[in-house]
Structure formats: structure tokens, C-alpha cells
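Quick caveat, the model's predicted, so the values are computed rather than measured.
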Amino acid sequence: MVSHDDPQAAQDGSQRRLAQALATSRVDRDFYLDNHPAATLTRADLNRMAWRSLLLQASFNYERMQAGGWLYTLIPGLRKIHRNEQDLSNAMKMHMEFINVHPFDVTFLSGLVLAMEGAKENLSTIRAVKVALMGPLGGIGDALFWLTLLPVCAGVGASLALSGSLFGPVVFLLMFNVVHFGLRFGLAHYGYHAGTSALAKLKTHTRNISHAASIIGMTVIGALVASYVQLSTPLVMHAGKASVALQTDVLDKLMPNLLPLCFTLLVYWLMKRGFSPVKLIGLTVVIGVAGKAIGLL
């Protein structure tokens, strides 16, 4: 039996009480109490995370943006990684902070974060990685999905639909979602297994990927404008015995589909000035009806 007057025993007892207090404390900290590397997440765990990421924006709000859906995506992995309840609590609190990332490539970031959680990195380090990657992933996602993949798939589907095929919408949905889900699940596994080594590659190639995707997207949008915006004028100018058709003899020789391009740029300019889509649709109807009535369009 240890005497209460033993200084060493008293010191050991103080250390034990301090450790117990830290373990039960509700105060957030930058480190994990259990700093042993966690078990590797399985393929099923990562696939479950990818499926949950579909609800990233289900609780979207203007205070924390996607934080609720982000934490929902990570919870199964966090529960498997953190056996200590206080560590799990601190991790969940940190992941309820503000986050706003592209909803289609978010699994790269969530896989990377779970790899860092499994390695028991400091919370400040994990937070810094989240903040640093929100912008690049948003730029890549916008350029890749909204400016490239969506116009290409929509163009193919619309062409089939305009030709009378019922498979137009089906082809659009299949093309878009094959790429979408392939990247969503593929990036989840890549982000987790690559870990922090992927950061340097992403930083190096982010600008090149965004630039290339933007070029492709703008090219596709230009082709869609020329193909689907129909606008011409029947005006004919007379000079003595000569007659000049304004559309075929002047505008088309300057640039084919010049009027559709000008109208598209006008709509874009008005949208940038704050016009709502409903107002722009109404304006298009008015211009079309009035132009046809007076013989201008």
C-alpha cells in the first residue's frame, strides 16, 4: 500500500487526475487525446461516404453554407477513426464550421480529410487544408462540370430531341451522370489513398485544368448559340434598280449567325445588370412578336 505522504505517489495521482479531466473536458483543443493512427478505411467505407456526399447541400444555409451536409458525409468515417468520444466530439465540432465547395468534386476533399483524420493530424492543420482547397476545387468543378460537361451533354441530348427522338433526355442523363458518378466515387478513393501528397499535384495543375476546361466549355457554348438561337431579318434595301438583302448579302457575309450572337450577348449583358431570367424571357417574347409584326425580324 502506497503512503499518502509519498511525493512520487502524489505526483502520479495528480497526473492521472489531469488526464481524466482532459478526457472528460468539453473544451476544444487542437490535438487528439488518442494520437495513435487509426485503422484504414475500407472500400465500402469510402463508397458510403461518396453516396452521402449527394446530400451535401441538403441543409445549405447562409451562416455555414454546406457544413451540415459536409459533416453528414464524414460521420461514418469519423466514428470508425475516433474511438475516443471527446476526440470524435472535437472533430465533429470542427467540421461544422463554414465550408463551401463544389458539390461534385467534394469527395476528393472529404477523402483527403479522412486520411488526415486517420493520421491524427492537428485540427488546425486539417482546417487549413479545408480552407485552402475550397477555392481551387470550386474553380475546377465549375469549369469541368458547368462549363464543359453540362453543355456538351445537353447539346447532344437536345439535338436528338429536336430530331424527334424520345431518347434525347435519356442520353443527356446517362452521359452526364456516368461522368459525374465516376468522378464522385473515383475522387473519393483517390483523395483518401493519395493523402496530403495530392496537395502539391493539385496546386500545380489547378490553373491548367481550369483553363483547359474553360476553353472547351466556351467553344461548346459558342456552337450551341450558333445552332439553337434562331434570329434573322427579311429586310431588303433598294438602291435604284439594285436590291440588297440585309441578312444574306450583308450580315451573313460579315459573320454567319451575327444576329444570334448579338442577341445572346445582349441577354448576357442584361443578366449581368441584374435582369432576372423571367424578365429576359418576357423581353425575348416581346422583341420576337414586335419584330415579326413590323417586318423587322
Side-chain angles (χ1 to χ4, degrees), residues 28 30-32 38 40-41 45-78 81-82 90-149 179-214 217:
D28 293 337
D30 189 38
F31 58 90
Y32 288 121
T40 303
L41 297 182
D45 293 329
L46 296 176
N47 287 340
R48 186 181 182 189
M49 177 193 70
W51 281 116
R52 281 181 163 236
S53 70
L54 292 169
L55 298 176
L56 177 70
Q57 304 195 99
S59 62
F60 187 93
N61 62 82
Y62 289 105
E63 180 184 358
R64 302 188 183 190
M65 293 292 182
Q66 302 161 333
W70 166 258
L71 178 58
Y72 176 77
T73 299
L74 298 180
I75 280 179
L78 292 177
I81 290 170
H82 299 298
N90 285 342
M92 292 174 68
K93 287 179 183 178
M94 189 268 288
H95 288 301
M96 270 302 291
E97 296 173 357
F98 176 94
I99 185 171
N100 187 26
V101 67
H102 197 281
F104 287 1
D105 59 14
V106 65
T107 50
F108 172 81
L109 181 57
S110 54
L112 175 60
V113 164
L114 285 180
M116 298 179 70
E117 292 279 1
K120 302 301 176 70
E121 297 283 351
N122 287 347
L123 273 70
S124 59
T125 304
I126 298 174
R127 181 184 292 113
V129 169
K130 285 172 54 182
V131 173
L133 289 186
M134 282 192 293
L137 288 177
I140 291 176
D142 288 342
L144 182 61
F145 289 101
W146 302 148
L147 296 180
T148 305
L149 180 63
V179 179
H180 162 217
F181 280 99
L183 285 175
R184 184 180 290 269
F185 283 83
L187 288 174
H189 291 270
Y190 177 74
Y192 179 75
H193 293 296
T196 54
S197 63
L199 295 179
K201 296 179 182 179
L202 182 66
K203 184 177 180 180
T204 302
H205 299 295
T206 293
R207 181 173 297 179
N208 293 334
I209 295 173
S210 297
H211 184 62
S214 297

| query | Taking the side chain as C-beta and beyond, is there a heavy-atom pair between Val101 and Leu133 under 4.5 Å? | reply | no
| field | Euclidean distance, Phe60 CZ relative to Met65 CE, rounded to 0.5 Å | value | 4.5 Å
| message | Just by distance, no angles: are the side chains of Asn90 and His82 close enough, under 3.5 Å, to form a donor-acceptor pair? | response | no
| message | Is the shortest side-chain heavy-atom distance between Asp45 and Pro76 below 4.5 Å? | response | no
| Would you say Tyr192 and Val113 make side-chain contact, with heavy atoms under 4.5 Å? | no
| field | Electrostatic pair Arg127-Glu97, nearest N-O below 4.0 angstrom | value | yes
| So do Thr107 and Leu46 actually touch side chain to side chain, heavy atoms under 4.5 Å? | no
| request: Using distance alone, with no hydrogens and no angle criterion, decide if Tyr32 and Glu121 have a side-chain donor and acceptor under 3.5 Å apart. | output: no
| Nearest-0.5 Å distance, CG of residue Leu71 to NZ of residue Lys93 | 12.5 Å
| query | Less than 4.5 Å apart, any side-chain heavy atom of Leu187 and any of Leu109? | reply | no
| task | Could you pull out the closest heavy-atom pair between Met49 and Ala188, with the gap in Å? | result | CE-CB, 3.5 Å
| Derivation of the side chain to side chain contact (heavy atoms under 4.5 Å, CB included) call for Lys130 and Met116 | CA-CA 11 Å; Lys130 285 172 54 182; Met116 298 179 70; over 6 Å; no
| request: Give the C-alpha distance, both sets of side-chain angles, the deciding distance and a yes or no for side chain to side chain contact (heavy atoms under 4.5 Å, CB included) between Phe104 and Trp146. | output: CA-CA 10 Å; Phe104 287 1; Trp146 302 148; 3.7 Å; yes
| note | Interatomic distance, OG@Ser110 vs CG@Leu56, rounded to 0.5 Å, equals 9.0 Å
| task | Would you name the heavy atoms of Ala38 and Lys120 that are closest together and state the gap between them? | result | CB-CE, 4.5 Å
| task | I would like to know whether Ile75 and Arg52 meet side chain to side chain contact (heavy atoms under 4.5 Å, CB included); could you show each step before the answer? | result | CA-CA 10 Å; Ile75 280 179; Arg52 281 181 163 236; 4.2 Å; yes
| said: Please evaluate residues Leu123 and Phe31 with respect to the criterion side chain to side chain contact (heavy atoms under 4.5 Å, CB included), reporting the C-alpha separation (whole Å), side-chain torsions for both, the decisive distance (0.1 Å), and the verdict. | reply: CA-CA 6 Å; Leu123 273 70; Phe31 58 90; over 6 Å; no
| query | When you measure from the side chain of Gln57 to the backbone N and O of Gln66, does any donor-acceptor pair fall under 3.5 Å? | reply | no
| field | Closest heavy-atom pair and its distance - Phe98, Glu63 | value | CD1-O, 3.6 Å
| request: Considering non-hydrogen atoms only, spot the tightest contact between Ser53 and Val106 and give its length. | output: CB-CG1, 4.1 Å
| task | Evaluate the side-chain proximity of Phe108 to Leu137: yes if any heavy-atom separation is below 4.5 Å, no if none is. | result | yes
| request: To the nearest 0.5 Å, tell me how far His95 NE2 sits from Thr73 OG1. | output: 11.0 Å
| Going by heavy atoms in the side chains, are Asp105 and Arg184 under 4.5 Å from each other? | no
| request: For the pair Asp142 (side chain) and Ile140 (backbone), establish whether a donor and an acceptor sit closer than 3.5 Å, ignoring hydrogens and angles. | output: no
| field | Any side-chain heavy-atom pair of Leu78 and Leu114 under 4.5 Å | value | yes
| Within the side chain of Asn122, is there an N or O that forms a donor-acceptor pair under 3.5 Å with the backbone of Thr125? | no
| Mind checking whether His189 and His193 have parallel, tilted or perpendicular rings, split at 30° and 60°? | parallel
